[in-house]
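Order of the sequence lines sets the chain letters (A, B, ...), proteins ahead of strands, with each chain counted from 1.
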Amino acid sequence: MRLPPNTEQELLQRARAFAGLRLQDAALRAGVAVPPDLRRNKGWIGELLETLLGASSASLPQPDFPHLGVELKTLPIDARGRPRESTYVCMVPLDGALGETWEQSWVRRKLARVLWVPVQADAAIPLAERRIGSALLWSPDAHEEALLRRDYEDLMEFVHTGTLDRLSARFGEVMQIRPKAPHGRARRRALGTDGARVLANPRGFYLRASFTAAILSAHYCAVREERD
DNA sequence: TGATGATCATTA
DNA sequence: TAATGATCATCA
């Protein structure tokens with residue numbers, strides 16, 4: 001664990017100093033071992049970057065760099081240069097969220113400032129050999145924020161009307177709601193119809209890979225068109 | 001092959 | 001228990 005960076009510039013400089021580094025070298029600097037694979041260590045890369053960049057303790061509902069208001073996200077990048085996976089944002093407030101607007105939402109605060117760190121995620125490359133990419137400090141532009149707001153409001157409608165049973169990950173253009181739980185039997189208090197309390201599977205907001213791909217391409221012009 | 005739904009480890 | 005870090009496993 002390092003001291004947290006004092007400014008955004010310092011954070012960005014630190015992050016970019018890791019560009020090109022293999023995960024095995026990054027792990028060495030952090031004093032941790034590279035796991036054989038990610039199957040039982042799904043968050044390992046993210047936690048490694050948190051350590052190296054001096055992020056605050058994980059698993060708290062606050063930005064990774066609270067004093068900077070910056071959230072750290074690693075992005076798994078496939079052989080074509082596109083994100084392999086969606087990006088978890090935060091839990092969906094299944095109850096007690098009545099009246100919460102986009103402006104007040106935790107989603108908006110989390111995404112207001114994000115440090116994206118691309119990391120190679122090509123299955124053909126052994127985990128230890130995969131390289132860290134060049135970090136990007138990002139805030140949504142007006143168009144991106146409009147898309148996020150619309151999805152947020154559309155998706156939360158299911159929550160507020162107690163119709164979670166009709167909600168699936170197919171809804172939402174750039175952001176979706178999917179299960180986020182240790183297992184399928186997990187239950188949380190949720191709003192039912194008529195405002196009754198019911199139990200439901202915990203869920204989280206996720207950014208679609210197509211959305212994060214667009215962010216990267218807009219800032220790096222690094223995504224090539226598919227060719228025949 | 002891509003997206004959805006399910007799941008794993010850790011921490012406060 | 002409930003949040004964080006995410007990827008896995010399966011099926012259309």
Output yes when a side-chain donor or acceptor of Arg14(A) lies under 3.5 Å from a complementary backbone atom of Leu53(A), and no otherwise.
yes

Does a nitrogen or oxygen in the side chain of [X] sit under 4.0 Å from OP1 or OP2 of [N]?
{"X": "Thr74(A)", "N": "dA6(C)", "value": "yes"}
{"X": "Arg39(A)", "N": "dT7(C)", "value": "no"}
{"X": "Gln176(A)", "N": "dA3(B)", "value": "no"}
{"X": "Lys42(A)", "N": "dT7(B)", "value": "no"}
{"X": "Arg84(A)", "N": "dC8(C)", "value": "no"}
{"X": "Trp44(A)", "N": "dT4(C)", "value": "no"}
{"X": "Arg82(A)", "N": "dA3(B)", "value": "no"}

Length of the line joining [X]:[atom1] and [N]:[atom2], which is rounded to integer Å:
{"X": "Tyr88(A)", "N": "dC8(B)", "atom1": "OH", "atom2": "P", "value": "17 Å"}
{"X": "Arg178(A)", "N": "dA6(B)", "atom1": "CZ", "atom2": "C1'", "value": "10 Å"}
{"X": "Glu47(A)", "N": "dC8(B)", "atom1": "CD", "atom2": "C1'", "value": "11 Å"}
{"X": "Leu38(A)", "N": "dT10(B)", "atom1": "CG", "atom2": "C1'", "value": "15 Å"}
{"X": "Arg170(A)", "N": "dC11(C)", "atom1": "CZ", "atom2": "C1'", "value": "10 Å"}
{"X": "Leu127(A)", "N": "dG5(C)", "atom1": "CG", "atom2": "P", "value": "19 Å"}
{"X": "Leu48(A)", "N": "dT7(C)", "atom1": "CG", "atom2": "P", "value": "13 Å"}
{"X": "Leu49(A)", "N": "dG5(C)", "atom1": "CG", "atom2": "P", "value": "12 Å"}

Determine whether a donor-acceptor pair (one donor, one acceptor, N or O, separation below 3.5 Å) exists between the side chain of Tyr206(A) and the base of dA6(C).
yes

Kindly say whether, by distance alone, the side chain of Lys180(A) makes a donor-acceptor pair under 3.5 Å with the base of dG5(B)?
no

With a 3.5 Å cut-off and no angle check, do the side chains of [X] and [Y] form a donor-acceptor pair?
{"X": "Ser139(A)", "Y": "Arg113(A)", "result": "yes"}
{"X": "Thr87(A)", "Y": "Arg208(A)", "result": "no"}
{"X": "Tyr152(A)", "Y": "Glu100(A)", "result": "yes"}

Nucleotide of dT4(B), dG5(C), dT7(B) approaching Lys110(A) most closely (side-chain heavy atoms)
dG5(C)

By nearest-nucleotide position on DNA chain B, the 5'-leaning member of Glu85(A) and Gly43(A) is Glu85(A)

Pairwise 5' ranking along DNA chain B for Ala169(A) and Arg40(A), keeping only the more 5' one
Ala169(A)

May I ask you to say what [X] touches in the nucleic acid, namely base, sugar-phosphate or nothing, with a heavy-atom cut-off under 4.0 Å?
{"X": "Pro202(A)", "result": "nothing"}
{"X": "Arg185(A)", "result": "sugar-phosphate"}
{"X": "Ala121(A)", "result": "nothing"}

Taking for each residue the nucleotide of DNA chain C with the nearest heavy atom, is it Ser86(A) or Cys90(A) whose nucleotide lies nearer the 5' end?
Cys90(A)

Shortest non-hydrogen contact from Pro83(A) to Leu216(A)?
CG-CD1, 4.4 Å

Charged N to carboxylate O below 4.0 Å: is that the case for Glu145(A) and Arg108(A)?
yes

